[in-house]
Amino acid sequence: MVKRLLKFFRPYRKEFAGSVACVVAESVFELVIPLIMADIIDVGVVQKDRGYILRRSALMIACGLLALALGAAYARLGARAGAGFGAELRREEYRKVQGYSFSNLDRFSTPSLVTRLTSDITILQNSVCNGLRPMVRGPVMMLAGLVMSVILSPKLSVVFLVAMPVLAAGLYFIMRTLGSAYAKMQKMLDRVNSIVQENLTAIRTVKSYVRGESQSALFAEGNGGYRAASEKAFHTAMLNMPYFQLVMYATILCILWFGGNFIHEGTMQIGQLTAFLSYVLQILNSLMMISNVFLMLSRSMTSIGRIFEVLDEKPAIADGGDPSLTIRSGEVGFDGVSFKYSEKAKEDVLSGVSLHIAAGQMVGVLGGTGAAKTSLVQLIPRLYDVSAGRVLVDGRDVRAYSLRHLRDSVGMVLQNNTLFSGTVRENLRWGNENASQKDLDWACRIACADEFLGRLPEGYDTVLGQGGVNVSGGQKQRLCIARALLKRPKILILDDSTSAVDTATERTIRERLAEELPDTTRIIITQRLGSVEDADQIILLDDGRVTAVGNHDQLLAENRVYREIWQFQQKGETA
């Protein structure tokens, strides 16, 4: 685990090594000060040598100033090392998440991933920034202090033989309790983030159903749970300070008692006892530092485990395709395809699907809610992989292509597609970052987005809010279609992506697609039969199985279900 974390320090190894060196050097200078102080008392004060006192005092001040300068240098280097470590770890975790397939993302909730990328990494970063100094200084000061204490008075050092096991036992008990408490606290933070994200995303729904009070109560419940878990964890952590102070003051009292007797007996000088007490305080302070480091490590271990869960997750879809293979025509085939979202699921979402879609065809996919229409088309760009069978593009298994080329060749527009913060132009260029103004105009004309772009305040440079909140649902869908068209895809999938568009505009979009992209394979998922009436073939799905395939006239004549749907929708249009 330590070896894995150290690799994130590599770009900042000079700062890390420099900060450690500064702490060690600072500790050495601070350890020299009690010896100088002992000389001042036992030699300068006893002999009343003012010159000796001044010389040794100047030396002590110089050591203190050097220690101060080294401390300042550590603060700068340690901050750079800690912040750099956090940035590298955050970059690696984000890169890993970007490589996840949908099935990997199904395992982690979005709020949990956000917490792991922010709160958990911040905890580690702070542990480095705030813990590096005590982590190095504590052991150095403790060992050096013990050595100097033994040199000054071996008999008085025996007090530590009793104090050290008592301190160790208390620290063990606190650490053992804290591990599970911090883990529960982070889980409760995930819960709070989940409630916040869900409510902010669906704030319009919350307001339209007047559910503000109930959602506030739900947040209060989650927030209260996080508070309770935090109180329990911090209550246990705070036991560290009073426990160590109790042992520390008891140790000092014992040293003063036995040291006073040694002075009375003439076996120890006052300066020696003063220096010994200084080293005792340094040892006890170093033990306090070490205990605080252990407390930070206890919380960090929980965060490390959560971060490593993300880093160790293996992408369910491996990119092992041949980069030299290219998609030329856009022919699609399903060969005995079965699919389920989880290996543990009892039933398949799709079962035994076999289809052939010729290049350049327009294909409609119909079916009731839960018929697995979206699941079917998501297999083409390998957003999920089949459980059995093969999905073919241009006669080759989709797994033979590189993921980048395959997904670049497939344009997919969902019903609830997302627009990002930024201008209309920036959103459209997600389809092609090098798109010219001519390309943008071309795509927007086909998608009928040009009808409203002129009415936007700044046209293409109009800034969209997060999720495209300042455009209507139909406008958002048309922008998403234009964005997909800029990819110049070989296969275009429209998954109920014109549901918020009126029928006249939808018809115009279909006609322009046929005129401008005659060689592109178009797969349209819809509930409106009128949208696919002129399709080359229509696929009927029911409960993950293909029940009928044919054009409009064939299905109207041969399939009772299709005929009933057609008649029902015709009545609805004429009513």
Side-chain angles (χ1 to χ4, degrees), residues 94-95 97-114 117-118 193-208 317 341 373-375 377-384 403-404 406-433 435 440 443-444 446-449 452-453 456 458 460-487 489 491-501 505-506 509 523-526:
Y94 186 78
R95 185 196 64 79
V97 171
Q98 288 296 307
Y100 280 178
S101 65
F102 280 15
S103 55
N104 295 115
L105 293 171
D106 291 341
R107 183 177 168 223
F108 297 100
S109 68
T110 301
S112 179
L113 284 174
V114 171
L117 272 163
T118 53
N193 285 341
S194 176
I195 295 170
V196 171
Q197 184 187 42
E198 188 176 72
N199 277 270
L200 291 179
T201 303
I203 189 66
R204 287 169 174 77
T205 304
V206 172
K207 288 184 177 298
S208 64
I317 296 178
Y341 286 100
K373 303 183 295 296
T374 298
S375 300
V377 296
Q378 285 180 339
L379 299 176
I380 299 173
R382 287 191 72 194
L383 299 180
Y384 290 95
L403 277 175
R404 185 179 185 86
L406 175 65
R407 291 174 180 173
D408 269 344
S409 301
V410 179
M412 192 166 185
V413 187
L414 304 174
Q415 180 181 3
N416 297 316
N417 239 315
T418 302
L419 294 174
F420 297 87
S421 299
T423 64
V424 172
R425 188 187 307 276
E426 289 168 346
N427 271 275
L428 292 173
R429 280 182 172 165
W430 273 66
N432 178 4
E433 60 184 14
L440 296 177
C444 288
I446 296 174
C448 294
F452 64 86
L453 274 174
L456 294 180
E458 302 294 331
Y460 285 103
D461 296 315
T462 300
V463 177
L464 300 176
Q466 185 177 11
V469 294
N470 48 343
V471 292
S472 69
Q475 291 172 340
K476 186 188 300 185
Q477 286 185 335
R478 282 181 277 176
L479 287 174
C480 290
I481 292 172
R483 181 174 63 188
L485 293 176
L486 285 169
K487 296 175 71 174
I491 302 167
L492 178 63
I493 299 171
L494 303 178
D495 185 358
D496 214 6
S497 54
T498 54
S499 58
V501 176
T505 302
E506 181 190 19
I509 293 173
I523 302 174
I524 300 174
I525 296 176
T526 183

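All values reported here derive from a predicted model rather than from experimental measurement.
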Worksheet item: For K476, which of V471, I481, N427 qualifies under side-chain contact (heavy atoms from CB on, under 4.5 Å)?
Response: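 So the option named by the test is V471.
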Could you check whether any side-chain heavy atom of [X] comes within less than 4.5 Å of a side-chain heavy atom of [Y], counting everything from C-beta outward?
X: D496; Y: K373; value: no
X: Y460; Y: T423; value: no
X: M412; Y: I380; value: no
X: V424; Y: C444; value: no

Among all residues two or more places apart in sequence or in another chain, which pass the salt bridge (charged side-chain N to carboxylate O under 4.0 Å, His left out) test with [X]?
X: R425; answer: D461
X: R478; answer: E451
X: R407; answer: none

Calculate, to the nearest 0.5 Å, the distance between atoms [atom1] and [atom2] belonging to [X] and [Y] respectively.
X: L494; Y: T526; atom1: CG; atom2: OG1; result: 10.0 Å
X: E506; Y: T498; atom1: CD; atom2: OG1; result: 3.5 Å
X: L453; Y: L428; atom1: CG; atom2: CG; result: 7.5 Å
X: R429; Y: L440; atom1: CZ; atom2: CG; result: 5.5 Å
X: I491; Y: I523; atom1: CD1; atom2: CD1; result: 6.5 Å
X: L113; Y: T118; atom1: CG; atom2: OG1; result: 10.5 Å

Where [X] and [Y] come nearest, the two heavy atoms and their spacing:
X: F452; Y: L479; value: CZ-CG, 3.8 Å
X: L414; Y: S497; value: O-CB, 3.9 Å
X: L486; Y: N432; value: O-CB, 3.4 Å
X: S499; Y: Q477; value: OG-NE2, 3.1 Å
X: P489; Y: G411; value: CB-N, 3.4 Å
X: G422; Y: E426; value: CA-OE1, 3.2 Å

Worksheet item: In this structure, are over 12 heavy atoms from other groups packed under 6.0 Å from Q98 atom CD?
Response: yes
Worksheet item: So does Y341 have more than 12 non-hydrogen atoms from other groups sitting under 6.0 Å from OH?
Response: yes
Item to complete: Measure up the F420 and W430 rings against each other and bin them: parallel (under 30°), tilted (30 to 60°), perpendicular (over 60°).
Response: parallel
Discussion item. Using the rule given for side-chain contact (heavy atoms from CB on, under 4.5 Å), can you reason through L492 versus L485, listing the C-alpha separation, both sets of side-chain angles and the distance that settles it, and then say yes or no?
Written reply: CA-CA 8 Å; L492 178 63; L485 293 176; 3.9 Å; yes
